[in-house]
Protein chains: 2
Amino acid sequence: MKKLTPAEENYLKAIYHLLEEGPEKVSTNEIASLIQSKAASVSDMLKRLAEKELIYYKKYHGVSLTESGHKTALHIIRRNRLWEVFLVEKLKFNWDEIDTLAEELEHVNSPLLVRRLDEYLGFPKFDPHGDPIPDEFGELSSKPRIVLSEVRSGQVGKIVAVNNSSAAFLKYLDKVGIYIGAKVEVLDTIEFDGSQELLIDGQKKVFVSKEVSANIQVMLHPG
Amino acid sequence: MKKLTPAEENYLKAIYHLLEEGPEKVSTNEIASLIQSKAASVSDMLKRLAEKELIYYKKYHGVSLTESGHKTALHIIRRNRLWEVFLVEKLKFNWDEIDTLAEELEHVNSPLLVRRLDEYLGFPKFDPHGDPIPDEFGELSSKPRIVLSEVRSGQVGKIVAVNNSSAAFLKYLDKVGIYIGAKVEVLDTIEFDGSQELLIDGQKKVFVSKEVSANIQVMLHPG
DNA sequence: ATTTTTTTTTAGATCAGTCTAAATCTTATT
DNA sequence: AATAAGATTTAGACTGATCTAAAAAAAAAT
C-alpha cells in the first residue's frame, strides 16, 4: 500500500462510484466523462493503476477494482466524507458548498489525522449528503443509504431520511404520502429530467421531480 | 493573483522565511538547502516565480520578494498556522507532530475556507510554536514573536511566553533566572548542538540547551 | 591579476499528467 | 460477412517539477 498521487486517487474514486451503480465493468469513456478528462488520458492512467494492481484492466474491455483498489477507494471516500462532515458541522458550510473543498482535503493522507478527525467529529456514520462513511478498515458500517434520485427503476427501498427539513418540503411529502419508514419502489425514471414515478407502500403511485428525490434518502432491500 | 502550484507556494514560503532572518537577498543554495532540493531545481523555479512577478531575480545575485510575492507568502503562512492551531487545539496533536500535516493542508487555497477556519478557531493570533498568524490582509497584527532558539547571536529581546508549562520546565527556568518579561541577549550560539549562552537583564549569564530555548518565546527589540 | 574554488545557471533526462490526432479494435448495421 | 460507426489505445507533444553533469560566472586566494 504505497502512497498514491492525487490524480490516481481521483481515478480510483471515480471507478468506485461508477461500479457502485451496478455494473461489474466500467468503460474508459465513462470514466473520462465523470472526471472531465479525455479517453486518452484515462487509458494512460488505467495502465498505471493496473501496474499497481489496483484495478483489473483488459484492453478495450473495461476495468473493475481489485481487492486492494476497492479498499483504497473506500479509504479515500472515508477521508472525503469526514472532511465534508467537518465543513458542515464545524465550519457551517452548506452541503452544496463542500464538494470541491473536500476533494482537495481528501488527498491529505495521514492515518493519524483521519483517526483524530473521526474522533473529533464523534465518529459520524453518514456525511451531509446522507452517504455512509467507511470505517478505519474500509468497511461500511451499515447498509448503505442512497439518495432516491439514484435508485434505478425496479429497485425497492425504505425511506430513512430527508436532506432538507424545510417546512415547505415536509408538507409536500406529507401531502403525496411519503414519510420516513415508507416502502418505496421506483417504477420509472424519466431520463429527460430525472423525475421518477414511485410506488409507495405497494399502493400509491406518485410522480416526483428530481429536486424532490435528490433530498430523500433510501435504504435498499429493506427487511 | 492567480492560483499557484504547491511547489511554487513552498518556494515562496521558503524565501520569505530566509528573508525573515534579516538579509535582503537570499541565494539559490540557501533555498535549495532549506527545501531539500538541488540548486538547479531552484534556479528553474526562480525563473518561473520572477515571470509571475512574485520575486525580484537577477541571475547570480540572489532573490527577494516583490510586494505581491510578500503578500502571497503571508497568505500561505496564514493558512499554515491556522491549520497548526486546528491540529493542536481541536485534534489534540502535539506541537511537534503538526508540521508535515500543516504543510499539506496549507495548499488548499480557498479564501472562504480560511476565513471560516479562522473564525472557528476564535481568530488566534499565534500558532502553537508562538509564531504570529497574519490576518486576512496579510498583516501581522503585532510584533512578531520568535522562538529563542532562532534568535541569532547579538540580538536582544524580551521573553514573552513559554511553549511548555510543565512544572519541571518552569522550575528550571526559575532556577536559572529566566522569567516572563526578562530582557535577554543571545551572546553565543553553539552550532554543534544549538545551545546558547544568554545574558539575562544585562547581568546574569546562563547556558541553555536547544531543548530549553526552543520552548521560550521572545519578542525582538523590546521597548 | 591570475588562478582556484564556490556558486549558479544551462543543457539534457526523467516522471506524472494531460492533450490532440491518428491508428486500431469492437460492435452494430446492413 | 463486409463495412460503417463508435470506443479505445497508441503516438507524439507539452507543462511542471525534479534531477545529474557540464558550462559559466562570481568570489576568494594566491
Side-chain angles (χ1 to χ4, degrees), chain A residues 1-15 18-19 21 23-64 69 72 76 100 103-104 106-109, chain B residues 2-15 18-19 21 23-65 69 72 76 100 103-104 106-109:
Chain A
M1 242 195 237
K2 40 180 107 66
K3 240 186 82 212
L4 302 180
T5 66
E8 289 170 330
E9 293 195 338
N10 286 337
Y11 274 92
L12 269 191
K13 203 173 43 140
I15 294 166
L18 289 169
L19 287 172
E21 306 288 298
E24 80 227 19
K25 300 254 164 213
V26 288
S27 75
T28 301
N29 266 352
E30 286 172 315
I31 298 168
S33 96
L34 180 57
I35 68 179
Q36 307 255 66
S37 71
K38 293 298 155 66
S41 314
V42 175
S43 247
D44 249 24
M45 179 59 91
L46 294 184
K47 257 182 284 177
R48 258 174 286 156
L49 292 177
E51 205 136 293
K52 299 190 175 185
E53 304 193 5
L54 294 163
I55 59 172
Y56 297 115
Y57 175 41
K58 200 145 198 183
K59 277 187 196 172
Y60 294 103
H61 290 90
V63 298
S64 60
T72 305
I76 298 160
T100 53
E103 284 257 317
E104 297 196 54
E106 84 191 6
H107 299 300
V108 178
N109 182 1
Chain B
K2 43 180 104 65
K3 239 187 86 211
L4 301 180
T5 65
E8 288 170 333
E9 292 194 340
N10 286 338
Y11 275 92
L12 270 189
K13 201 172 47 140
I15 294 166
L18 290 168
L19 288 171
E21 307 287 298
E24 80 228 17
K25 301 252 165 214
V26 288
S27 74
T28 301
N29 267 351
E30 285 171 315
I31 298 167
S33 95
L34 180 57
I35 70 178
Q36 307 254 68
S37 71
K38 295 298 155 67
S41 313
V42 175
S43 248
D44 248 25
M45 180 59 91
L46 294 183
K47 256 182 287 175
R48 258 173 286 156
L49 292 176
E51 204 135 293
K52 299 190 176 185
E53 303 193 6
L54 294 163
I55 60 171
Y56 297 114
Y57 176 40
K58 200 147 199 179
K59 276 186 197 175
Y60 294 102
H61 292 282
V63 298
S64 60
L65 292 169
T72 305
I76 298 159
T100 52
E103 284 255 320
E104 299 195 53
E106 84 192 6
H107 299 299
V108 178
N109 182 1

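Numbered from 1 within each chain, the chains take letters A, B, ... in sequence-line order.
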Under the side-chain hydrogen bond (donor to acceptor under 3.5 Å, both in side chains) test, residues paired with Glu9(B) that sit two or more places apart | Arg79(B), His107(B)
Taking only distance into account, with no hydrogens and no angle test, what donor-acceptor pairs under 3.5 Å do side-chain atoms of residues 23-31 of chain B form with protein atoms, sequence neighbours excluded?
{"residue": "Ser27(B)", "atom": "OG", "partner": "Glu30(B)", "partner atom": "N", "Å": "3.2"}
{"residue": "Ser27(B)", "atom": "OG", "partner": "Glu30(B)", "partner atom": "OE1", "Å": "3.3"}
{"residue": "Glu30(B)", "atom": "OE1", "partner": "Ser27(B)", "partner atom": "N", "Å": "2.8"}

Hey, can you pull the residues of residues 50-62 of chain A with a non-hydrogen atom under 4.0 angstrom from DNA chain D?
-> Tyr57(A), Lys59(A), Tyr60(A)
Nucleotide range of DNA chain D lying under 4.0 Å from chain B heavy atoms = dG16(D) to dA26(D)
Contacting residues from residues 37-45 of chain A, given that a heavy atom lies under 4.0 angstrom of DNA chain C | Ser37(A), Lys38(A), Ala40(A), Ser41(A), Asp44(A), Met45(A)
State, yes or no, whether a side-chain contact exists between Ile55(B) and Leu12(B) at a heavy-atom distance under 4.5 Å.
-> yes
Any residue meeting salt bridge (Lys or Arg N to Asp or Glu O under 4.0 Å) with Glu103(A), in chain and number order, not counting sequence neighbours | Lys13(A)
Any residue meeting side-chain contact (heavy atoms from CB on, under 4.5 Å) with Tyr60(B), in chain and number order, not counting sequence neighbours | none
What donor-acceptor contacts under 3.5 angstrom involve side-chain atoms of residues 37-46 of chain A, with partners at least two apart or in another chain?
none

Bounded by its outermost nucleotides with an atom under 4.0 Å from a heavy atom of chain A, the footprint on DNA chain C reads dA16(C) to dT26(C)
Please list all pairs passing the salt bridge (charged side-chain N to carboxylate O under 4.0 Å, His left out) test where one or both residues lie in residues 48-57 of chain A, with sequence neighbours left out.
-> Glu8(A)-Lys52(A)
CG-CD1 distance between Asn109(B) and Ile76(B), expressed to the nearest 0.5 angstrom = 8.0 Å
From Leu34(A) atom CG to Leu18(A) atom CG, the distance as rounded to the nearest 0.5 Å | 5.0 Å
Validation row: Val63(B), Leu49(B) side chains within 4.5 angstrom (heavy atoms) = no
